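Please read the structure below before turning to the comments.
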Amino acid sequence: MVNELINLNDKNHVPIILTIVVIVLIMIIGFTSHQREQIFILERGLGNVFLPIQRMISKGMSQVEESLVTLIRSSDIKDENNQLRAINESLQHQLIELQLTQEELSELQQLQRTLNSIDRRDDFFPVTANVIAKNPGNWFEMFTIDAGSQQGVEKDSVVIGSGGLVGRVYETGHFWSKVIAIIDNSSSVSFQVLRDGSLQGIISGSVTNELSGYLFDPDAEVVVGDQLITSGIGLYPKGILIGEVTTIDRTPDLLLKSVNVEPAVNFNRLDKVLVISPRTIDE
């Protein structure tokens, strides 16, 4: 009888326990729901405070990033420009060297053509030299070359340039020589007219570095444009081009016909010359 009462009481407690559990769950749900709402309000408040700061930081980071990208690109562009500048300078140097090489080759070819027109012996050995110094002024009436007695250059050696006669050596050292040009007022050259070898005369330099002279025959039919070459009389061998007649006059006494001559060589600019030893020239 007692056991039955106990079991009965246990059965009556089940609904009560379930009821209590349900109430507790409802309270917990309500409490947590209220607490979450308070948390959400707090989060929203903090978000309203920090959002402008976040935007500023984000904008600043974007600007910094853009600056870094611009800086890096500028550095790359600068490097590319430096590389292009170096390439451009290299190409310019190559172009200059090529141009100088072509000019030097052309000058040497002209020297060779001038050389071929000279009467000389078979054992003829010309010396190529560079002009290394000159007297002050625009004209090369006196200058120094980088070849001397060690290279076989002697006093009174004949000097020719690109196109024609330059002058003669008047002083030598071991590795240098000094040259006096035909345009110097102390120089004179015996010439003949290329068109007619019987027309001959003397031409000299002047203080103004101009070439002028006269023909032995006052009736010589020389004309403007006639080319004058060395006659072979005196120091210079026959056949070297001197220049071209530009004007013709008569001396006041009408005994001689005078000529003014444009030199075949550009005496404003001389770089290379050929030197001929007087012992290799046919007299």
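Worth saying up front: this structure is predicted, and the values here are computed from it rather than measured. Residues take their numbers from the sequence shown, with the count starting at 1.
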- prompt: Under 4.5 Å between side-chain heavy atoms, hopping through other hydrophobics if needed: is there a path connecting L270 to V275?
  reply: yes
Within the structure provided, determine whether L194 and D226 are in side-chain contact (heavy-atom separation under 4.5 Å).
no
Is there a path from V159 to Y170 through hydrophobic residues (I, L, V, M, F, W, Y) whose side chains come within less than 4.5 Å of each other?
-> no
### Message
Starting from L211, can I reach V224 by hopping between I/L/V/M/F/W/Y residues whose side chains sit under 4.5 Å apart?
### Response
yes
field: Test item: L165 and V158 side chains (from C-beta on) under 4.5 Å apart, heavy atoms
entry: yes
Distance col, row K155:NZ vs S177:OG, nearest 0.5 angstrom, shows 12.5 Å
pair V169-D156: side-chain heavy atoms closer than 4.5 Å
no
(Q) Less than 4.5 Å apart, side chain to side chain, heavy atoms only: is that true for D217 and L215? (A) no
task = Check for a donor-acceptor pair, side chain of S258 on one end and backbone N or O of D249 on the other, with a separation under 3.5 Å.
result = yes
For E171, the side-chain contact (heavy atoms from CB on, under 4.5 Å) test, sequence neighbours excluded, returns W176, K178
Might you work through the side chain to side chain contact (heavy atoms under 4.5 Å, CB included) test for Y236 and I182, ending with a clear yes or no?
-> CA-CA 11 Å; Y236 299 103; I182 58 173; 4.2 Å; yes
Members sharing V207's hydrophobic cluster, built from side-chain contacts under 4.5 Å between Ile, Leu, Val, Met, Phe, Trp and Tyr, are none
Looking only at heavy atoms, the pair that brings I240 and G164 closest together is CG2-C, 3.9 Å
d(F216 CZ, S198 OG) to nearest 0.5 Å is 12.5 Å
dist D184:CG -> N209:CG (nearest 0.5 Å) comes out at 7.5 Å
Note to self: Would you say I276 ends up clustered with L235 if hydrophobic residues are merged whenever their side chains have heavy atoms under 4.5 Å apart, either directly or through other cluster members?
What the structure shows: yes
When rounded to the nearest 0.5 Å, the distance separating CD1 of I203 from OG of S212 is 7.0 Å
Side-chain touch V245/V223, heavy atoms, less than 4.5 angstrom: no
Worked check of side chain to side chain contact (heavy atoms under 4.5 Å, CB included) between N268 and N266 = CA-CA 5 Å; N268 279 318; N266 181 5; 3.3 Å; yes
The reported gap from CD in E244 to CD in E262 (rounded to nearest 0.5 angstrom) is 8.0 Å
**Prompt:** Just by modelled atom types, is the G239 backbone N or O under 3.5 Å from a matching donor or acceptor in the T230 side chain?
**Reply:** yes
Exercise for review: Could you go through the side-chain hydrogen bond (donor to acceptor under 3.5 Å, both in side chains) check for T172 and S149 one step at a time?
Suggested key: CA-CA 6 Å; T172 61; S149 58; 5.4 Å; no
Side chain of S187, backbone of A181: donor and acceptor closer than 3.5 Å?
yes
Problem set entry | same_hphob_cluster(V189, V222) at 4.5 Å side-chain heavy-atom cutoff | yes
I'd like to know whether I160 forms a side chain to side chain contact (heavy atoms under 4.5 Å, CB included) with V265, so could you lay out the CA-CA distance, the side-chain angles of the two residues, the decisive distance to 0.1 Å, and finally the verdict. CA-CA 9 Å; I160 62 175; V265 172; over 6 Å; no
Stepwise side chain to side chain contact (heavy atoms under 4.5 Å, CB included) check, D271 with V131:
CA-CA 5 Å; D271 293 323; V131 177; 5.9 Å; no
Side-chain donor-acceptor pairs under 3.5 Å in residues 136-148, sequence neighbours left out?
residue : atom : partner : partner atom : Å
D146    : OD1  : N130    : N            : 2.7
D146    : OD2  : N130    : ND2          : 3.1

(message) A side-chain contact here means heavy atoms from C-beta on lying under 4.5 Å apart; do E221 and D196 qualify?
(response) no
Heavy atoms of G163 and A264 approach each other most closely as O-CB, 3.6 Å
Distance col, row D219:CG vs K257:NZ, nearest 0.5 angstrom, shows 7.0 Å
